[in-house]
Structure formats: C-alpha cells, structure tokens
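Below, chain A is the first sequence line, B the second, and so on; all start at residue 1. A quick note: this is a predicted structure, and the numbers were derived from the prediction, not measured.
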Amino acid sequence: MSRIIMGIESSCDETGVGLVRLSDDGTVELLADEVASSVDQHARFGGVVPEVASRAHLEAMVPTAERAFATAGLKLSDVDAIAVTAGPGLAGALLVGVSAAKAYATALDVPLYGVNHLAGHIAVDTLQHGPLPSLVLALLVSGGHTQLLRVDDIASKITELGSTVDDAAGEAYDKVARVLDLPYPGGPPIDKAAREGNPSAIAFPRGMTGPRDAKFDFSFSGLKTAVARWVEKTERGGAEVPVNDVAASFQEAVADVLTAKAVRAAKDQGIGTLVISGGVAANSRLSSLAAERCAAAGIELRVPRPRLCTDNGAMIAALGAHVVAADRPVAPLDFSANPALPVDVISL
Amino acid sequence: MLVLAIDTSTPAVTAGIVAVDQAELTTRGDRVTVDARAHGELITPHALAAAETAGVTLRELDAIVCGVGPGPFTGLRAGMATAAALSHALGIPAYPVCSLDAIAADVVKTDNPFLVLTDARRREVYWAAYDAAGARVDGPNVQRPAEVETTVRVAAGDGALLYAEAVGVTPIEPRFPSPAGLVSAARAALLSGAAPEPLTPLYLRRPDAVEPTGRKRVTAP
Ligand SMILES: [Zn+2]
C-alpha cells in the first residue's frame, strides 16, 4: 500500500506545493511540484521584502495546490499525510503555509508534520537519485543559508558541522550583482558573465580559510567588500570595469571555499557521499569544481537538478515521506512556526 | 445552512458554527481566545472545538464565512489562509466579509449612527461609519485617531476603547467580531446562492519597503 504525501512550502518567496508517493519499500516518487514565485515583486527592492512575500503566499497558496493536484491527477481525498515547512524562514511567510497546512490536514483528517526546510533541501535529492546512503555530507547553499551538515538519518539525525558567520553565499551573489549593475537575483547573471571571464584575473580573498579559522564555517562578507572595493578603485582610476572577469574571479572564490571545505569535511568525518543543494547549487562553477574535487577525493557527488534545488513543495513532501516512513511523531495542531528552527530538529 | 465563521483580524481568535436560514441565525458552538500572538496556533483548533460543541463535523458544513479585515497583516493572514484551505479541501464556498461590518452587525441598534474602530497598531485605527440601520456609509479607512473626522459620538470595536478620547467617542459593545456577526454580515450573499467574491484581504496599507537608491560605496570617495 503506497501513501500520498502533500508538501507545503512558504518559508521565503516561493509558494510550493508538492505531491509524492511513498511506497512500502521506502522509495519516494515525485508526482507534482508546483511553485508560484514572488521573486519579480522583490527585484526592485534588491532583496526579499517579507510583507510582499507573505501577501503573495496568501494569494498563491490554494491556486498552487489546485495546480499540483491537477498535475498529479489526484484528488484531495487521495492524500494520506501532509508535511509543511515549520521553519526556518520568514515568520509571516511561514505562517501562511502552516495555517493552510493545518486547515488541509484537519479538513482531510490526515496527520500533519511540521518539518525543517533545510532538511527538505537534502531530502529532495532522493526524488532524483533514490535513497540516501546511511551517512551523507550535505552542503546547503542558497540566498538564505550556507551550511555543512552531517546527515546520519534524513528523518531523525542531522548535525551542523559549520555555517556562514555572516552572509549566505546567495546573498553575496546578490550584493556583488548590484555592484556590477547586474539584475536581482544575482546568481544567474553572475554565472552567465563569469563564463565569459577569467577566473584568475583578480585574486579575491578566500574567507575563513586561515589556520586559526573554524574549519567548516564560512564568511562571504569580506569577499563581497573586496569586490566592491576593487570595482570602485577601478572606476576611480577611470578604467572600465571588466564585469566578466570580476564575476568569474568572485565566483571562483566562492566555489573554491565551498568545495574545499566540503571535501575536507567529508574526509575528516569519513563520509563517502556529498549532496549539494539549495539555489546556489545550480551554479555552473560550483558544480564543476565540486565534481572535479570529489572525483579526486573519491567522494560520490549528488546534485539534484536545478528545479529541485530551489525552494519548492516537492522537497517538503519528500522529507515528509521519509518522516512518515520512519514513524516519527505527528505535530500537534496548535504548533507554532519557528523562524529560527535549528537544523537538528527535522520534524516537530 | 451550516456555516463556519472565522476571523483573525483583531487580537481575538474567533471561530464558530452558525446555522442560518431566511428566518433565523443561531450560533451552535463557538470558541474565542483573545491573544494577538496566537492566531496561527489557535484558529484551526478553535474551528474544530466549535464544531465539536455544535455536534457536527467539518464535512457537514455548507459554507465558510471569513473576516477579511482590515487587520494587522500577519494575524489576519492566518485566518484567511485557513479559510481558503478549508474551502478548497471541503469543496465548499468561502465568503469574505469586512470584519468591521461583522462588529457592526452585533451593535444593538438605536436611532443613532455609530462607528466601528479597531486597533491598526502603529497608533492608528481602522474605522468605518454606519447609519442607524447598520449600513456602512464610510470606510473602511486607516488613520490616526485624531484624524478621524466624524460627528458620530459612539463607537464599537476595541479601537473605541483604546482611543475613545482621541476620537471623541463613547465606546459601545462589541469589541470584536463574533461568529453570529460575521455570518449576519454575509447573510445576503450566503442565501443568494451566488458564487462568493474572492477572499481578498483588506490591508489598506502598502507594504513597508524602500527601493534602494544607487549602491552603497564601501570606499571613501
Ligand atoms: Zn531554501
């Protein structure tokens, strides 16, 4: 007997509803993954505006769910359990998804699971590459997070090895894009410009890589400032800013630090598989450098396709399926969303 | 018909089951908690508790009525997301009502017009004016209490208690929307058999957000 799990995501600026089928053998199959994004509404502000995102979530929630059921060819009554992002994320944004999820679970009389967004980014990989090995290292990189996680069990045990001490990697991309007059969000345009540039043209600093720095933490604030300084100095000198070279050199610095620390952590912890997920995982240099370094170190690399890496409902449905399969406790109907939910709390 | 009424536009988290037809309107069960920080936690449990008191299941409902504000953003959305999802999952219509109209519906009618004022936070009130029969003649608006221009001297709603002096009104009951008030305000639409208007929140304010002007320099010019 297989079970249908509905996943609801609203932690930032994407309203996501996913549907997956959990089979008795524990495999999880993707049936629908519908996302409504408010990213265009944030572009002129250069970052996500929480109130704008929350308004968009309320508008998009039911239409997105309707599309998911239509895509999957399922009825609401087919749902056996619901998982919703309980955190971390923007408080007002989380509240919309959590409120809707409680209502869906109550109306359909099915169990509700409040799950961790970060764990969802890892769980989503099982939709593409099948079950995870028993021990995995995950590198989560997006506009909101940059973390190295040790995953002993996707449904019950995740430990943070390191995280950014200041900006998330994606945030640095957005800020550098602004310095270079490239559009928001900064990831895709910088990646595009970088392909035409020389990654060793400018030696930008590698943050947190000194001998006394925390081994698995990251810092991108200094890099971002270094790029801005370099650009301003060039402009002051009257020269034209070589946008492609700056983008390539910046991107090289980010990819270098992320992959070096990930491979070092894998070796250090004796972990044979690295999963890279989150919006920045789609970055071409990050994935190529990770592939190169993982191959050299004998580490299996798993990167979900870009559509699964960005925030979506499928990742929450996938994590929900693993949580259901592991018989984890159901969330009480009066649970609160937690904007600062720690990563080791996989489900409430 | 059997209606679930919910409202989270004020500090009250309100849910109730109301039976309504052309002749009568009866509250069969309700659950209200005044806690401005618990809308997301309590609204669904309250709807369930109200149904239990009424001795019905959610599957027996014919419609939902939801207060769409005006109300401080975050809490308002908890009730509206709940109403929208319940409507979708149960396959029943959800009718929007202005939450101030729901309060007005519960005001004991005299020969005099009245206001409804609710707390908009940031030292402002949401307000609307009603004639003696309870029909809305102005609003909903959002303003500082001292800027509310009116000759009406009585006002319902929690904003009337908070800003009685500033607005120059005598507070009257009720303070918050009740399930019966919500259904009463939606009664004509409910009984018309027409499709409901979309559930659109009455925010009345634009989001706080500033567009960046040029980029910040990190080096001295
Ligand atoms: Zn994310």
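Distance CE/Met80(B) to OG/Ser99(A): 11.5 Å, rounded to 0.5 Å. Summarising the geometry, atom OG1 belonging to Thr106(A) is positioned 11.0 Å from atom CD1 belonging to Ile43(B); distances are rounded to the nearest 0.5 Å. Here the OH-CG distance, from Tyr104(A) to Leu90(B), works out to 10.5 Å after rounding to the nearest 0.5 Å.
Within residues 73-84 of chain A, the residues having any heavy atom under 4.5 Å from a heavy atom of chain B are, by residue number, Leu76(A). Interface residues of residues 184-203 of chain B toward chain A, defined by a heavy-atom distance below 4.5 Å and sorted by number: Pro201(B), Tyr203(B). Listed in order of number, the residues of residues 49-69 of chain B that approach chain A to under 4.5 Å between heavy atoms are Leu58(B), Arg59(B). Contact annotation for residues 94-107 of chain B against chain A (heavy-atom separation below 4.5 Å): no residues qualify.
The nearest pair of heavy atoms linking Ala89(B) to Ala107(A) is CB-CB, 3.5 Å.
Proximity to chain B (any heavy atom under 4.5 Å) is shown, for Leu333(A), by both the backbone and the side chain. Using a 4.5 Å cut-off between heavy atoms, Glu66(A) touches chain B through backbone and side chain atoms alike.
Ranking Val62(A), Val49(A), Val52(A) against chain B, the residue ahead of the rest is Val62(A), based on heavy-atom pairs under 4.5 Å. Between chain B and the residues Ala100(A), Pro332(A), Ser54(A), Ala105(A), the most heavy-atom pairs under 4.5 angstrom are made by Ser54(A).
More than 12 heavy atoms of other shown residues, nucleotides or ligands fall within 6.0 angstrom of atom CD in Glu124(B).
Salt-bridge annotation for Glu51(A) and Arg205(B): absent, with no side-chain N of the basic residue lying under 4.0 Å from a carboxylate O of the acidic one.
Judged by distance alone, with hydrogens and angles left aside, the side-chain atoms of Lys102(A) form a donor-acceptor pair with the main-chain N or O of Gly40(B) at under 3.5 Å.
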